Engineer: 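After the structure tokens below, expect a handful of questions from me.
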Number of protein chains: 2
Amino acid sequence: MDFSIGDLSRRTGVKVPTIRYYEKEGLIEEPIRTEGNQRRYTERDLERLTFIRHGRDLGLPMMAIRELLDLSSHPDAPCADADRIASEQLQNIRTRIAQLQRLEAELLRITQSCTGTHAIADCNVLKAFGDHRLCKGEH
Amino acid sequence: MDFSIGDLSRRTGVKVPTIRYYEKEGLIEEPIRTEGNQRRYTERDLERLTFIRHGRDLGLPMMAIRELLDLSSHPDAPCADADRIASEQLQNIRTRIAQLQRLEAELLRITQSCTGTHAIADCNVLKAFGDHRLCKGEH
DNA sequence: TCTTGAACCTATAGTCGCTATAGCAACTAC
DNA sequence: GTAGTTGCTATAGCGACTATAGGTTCAAGA
């Protein structure tokens, strides 16, 4: 019926100390305890933690997850807010991808200018890191 | 000739407390001081900090930058090591991009399933976050 | 030369999202 | 019963900074 923190950890992929950390931060409820003071969780806790885990996997900041959790406890509210949060995060992720792609291009340029056979003193990799003017694009 | 920590900050784009932090961590040398105990930097310091800044912009972990700095102080060594570090980071960045693109696809799917007009209780965004089985791909 | 205000100094604590450690207690399987 | 795994709390540490407090020094204008 109910299960231990280790079971919850295995079933969600969230590490045990992280679960306790989430509890301390108020992201999940304090569960009931056994007579010996050990935590015992229910299916509801499992669902909530899965929700949190999934949001983290998606790269949502904790704050966004908190907002979504708050929303989901008001089932009559319109879902436009939830949509807004997801859309914002989509925009964030696209920005990050674009940024990384610029860096990729530059690192590629840097590595291609180096044969690996000459001495450090003439190494374009090091020169490229030391001198922004050698960059093709801004970053 | 030499310049203050504020000047160095403006010329490199590295914030003042961050410069002091780098000094404490041994990434840059302790500069000379005025009689009044204020730091005064030279062109050499500027170059080194620019190098560090550029590496950070490229997403290099501090450890990789330390290695590159060590390398550049041994000008007779072959540059294969520098090349290796840059190549490793290129690989890291490509992995991160691929990961983010998977997340982008899923967030897109999630937002598109939501019209914003219905109630939270029926919101696909929240359902999608709560249930991994609704995902198309693994992550 | 004096004054004012910006820039500088040190030291410490806080950020985020965990993760690790120490030193115990309880549960489970044999 | 006992051994071994799992659990408990509390605290410290991680990376890479950032913020704050409370004081000192510098540079430019009057």
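Computed over heavy atoms, backbone and side chain alike; hydrogens, waters and symmetry mates excluded. Letters go in sequence order (proteins before strands), and every chain restarts at 1. Only a predicted model underlies this, so the values are computations on that prediction, with no experimental measurement involved.
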Engineer: I need the OH-C1' distance between B:Tyr21 and C:dT12, as an integer number of Å.
Structural biologist: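 Checked: the OH to C1' distance equals 15 Å.
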Engineer: Expressed in angstrom and rounded to an integer, what is the separation of A:Met63 atom CE from C:dT15 atom P?
Structural biologist: 14 Å
Engineer: Reading DNA chain D from 5' to 3', where do the contacts with chain B start and stop? Cut-off is 4.0 Å to heavy atoms.
Structural biologist: D:dA16 to D:dC26
Engineer: Please walk me through it: do B:Tyr22 and B:Met62 pass side chain to side chain contact (heavy atoms under 4.5 Å, CB included)?
Structural biologist: CA-CA 10 Å; B:Tyr22 285 165; B:Met62 295 305 300; 4.0 Å; yes
Engineer: Nearest-Å distance, CZ (B:Arg40) to C1' (C:dA7)?
Structural biologist: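 Rounding to the nearest Å, CZ of B:Arg40 and C1' of C:dA7 are 10 Å apart.
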Engineer: Which value, rounded to the nearest 0.5 Å, describes the distance between A:Ile65 atom CD1 and A:Arg53 atom CZ?
Structural biologist: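 One finds 11.0 Å between CD1 of A:Ile65 and CZ of A:Arg53.
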Engineer: Under the side chain to side chain donor-acceptor pair (under 3.5 Å) test, which residues partner B:Arg66, sequence neighbours left out?
Structural biologist: none
Engineer: If you measure only the distance, is there a donor-acceptor pair under 3.5 Å linking the side chains of B:Thr42 and B:Asp45?
Structural biologist: yes
Engineer: Please enumerate all residues that pass side chain to side chain donor-acceptor pair (under 3.5 Å) together with B:Arg20, with sequence neighbours excluded.
Structural biologist: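 Here no residue qualifies.
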Engineer: Quick one: list whatever passes side chain to side chain donor-acceptor pair (under 3.5 Å) with A:Glu25, sequence neighbours left out.
Structural biologist: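 For A:Glu25 there are no side chain to side chain donor-acceptor pair (under 3.5 Å) partners, ignoring immediate neighbours.
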Engineer: Where along residues 10-19 of chain B does a heavy atom fall under 4.0 Å from DNA chain C?
Structural biologist: none
Engineer: Suppose we screen for side chain to side chain donor-acceptor pair (under 3.5 Å). Which residues come up paired with A:Gln101, at least two apart in sequence or across chains?
Structural biologist: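 A:Gln101: no side chain to side chain donor-acceptor pair (under 3.5 Å) contacts found.
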Engineer: Would you mind writing out the side-chain donor-acceptor pairs for residues 9-19 of chain B within the sub-3.5 Å range, not counting sequence neighbours?
Structural biologist:
unit_1: B:Ser9; atom_1: OG; unit_2: B:Val14; atom_2: O; d: 2.8
unit_1: B:Arg10; atom_1: NH2; unit_2: B:Asp7; atom_2: OD1; d: 3.0
unit_1: B:Arg11; atom_1: NH2; unit_2: B:Glu43; atom_2: OE2; d: 3.4
unit_1: B:Thr12; atom_1: OG1; unit_2: B:Leu8; atom_2: O; d: 2.8
unit_1: B:Thr12; atom_1: OG1; unit_2: B:Val14; atom_2: N; d: 3.2

Engineer: Taking only the side-chain heavy atoms of B:Arg20 (C-beta and beyond), determine which of C:dC8, C:dC9, C:dC27 contains the nearest atom.
Structural biologist: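 Nearest to the side-chain atoms of B:Arg20, counting from C-beta on, is C:dC9.
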Engineer: Got a sec? Which of residues 26-39 of chain B come in under 4.0 Å of DNA chain C, heavy atoms?
Structural biologist: B:Arg33, B:Asn37, B:Gln38, B:Arg39
Engineer: Around atom CD of B:Glu29, are there more than 12 heavy atoms of other residues, nucleotides or ligands at under 6.0 Å?
Structural biologist: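 Not buried by this count: 12 neighbours or fewer within 6.0 Å.
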Engineer: Enumerate, atom names and distances included, each donor-acceptor pair closer than 3.5 Å involving a side-chain atom of residues 30-39 of chain A, sequence neighbours excluded.
Structural biologist:
unit_1: A:Arg33; atom_1: NH1; unit_2: A:Asn37; atom_2: O; d: 3.0
unit_1: A:Thr34; atom_1: OG1; unit_2: A:Gly36; atom_2: N; d: 3.2
unit_1: A:Thr34; atom_1: OG1; unit_2: A:Asn37; atom_2: N; d: 3.4
unit_1: A:Thr34; atom_1: OG1; unit_2: A:Gln38; atom_2: N; d: 3.0
unit_1: A:Arg39; atom_1: NE; unit_2: A:Glu23; atom_2: OE1; d: 2.7

Engineer: Just jot down the salt bridge (charged side-chain N to carboxylate O under 4.0 Å, His left out) partners of A:Arg94, sequence neighbours excluded, or say none.
Structural biologist: B:Glu104
Engineer: Tell me the closest heavy-atom pair linking A:Leu27 and A:Arg48, and the distance in Å.
Structural biologist: O-NE, 2.8 Å
Engineer: To the nearest 0.5 Å, what is the distance between CG on A:Leu49 and OH on A:Tyr41?
Structural biologist: 8.5 Å
Engineer: Would you give the length of the straight line joining atom CD1 of B:Ile28 to atom CG of B:Leu46, rounded to the nearest 0.5 angstrom?
Structural biologist: 11.0 Å
Engineer: Quick test: give all pairs of protein nitrogen or oxygen and nucleotides 22-24 of chain C nitrogen or oxygen below 3.5 Å, distance rounded to 0.1 Å.
Structural biologist:
none

Engineer: Can you pull out how bent the helix from C:dT1-D:dA30 to C:dC30-D:dG1 is, comparing the axes over its first five and last five pairs, to 10°?
Structural biologist: 0°
Engineer: Output the rounded distance in Å from CD1 (B:Ile5) to P (C:dA6).
Structural biologist: 19 Å
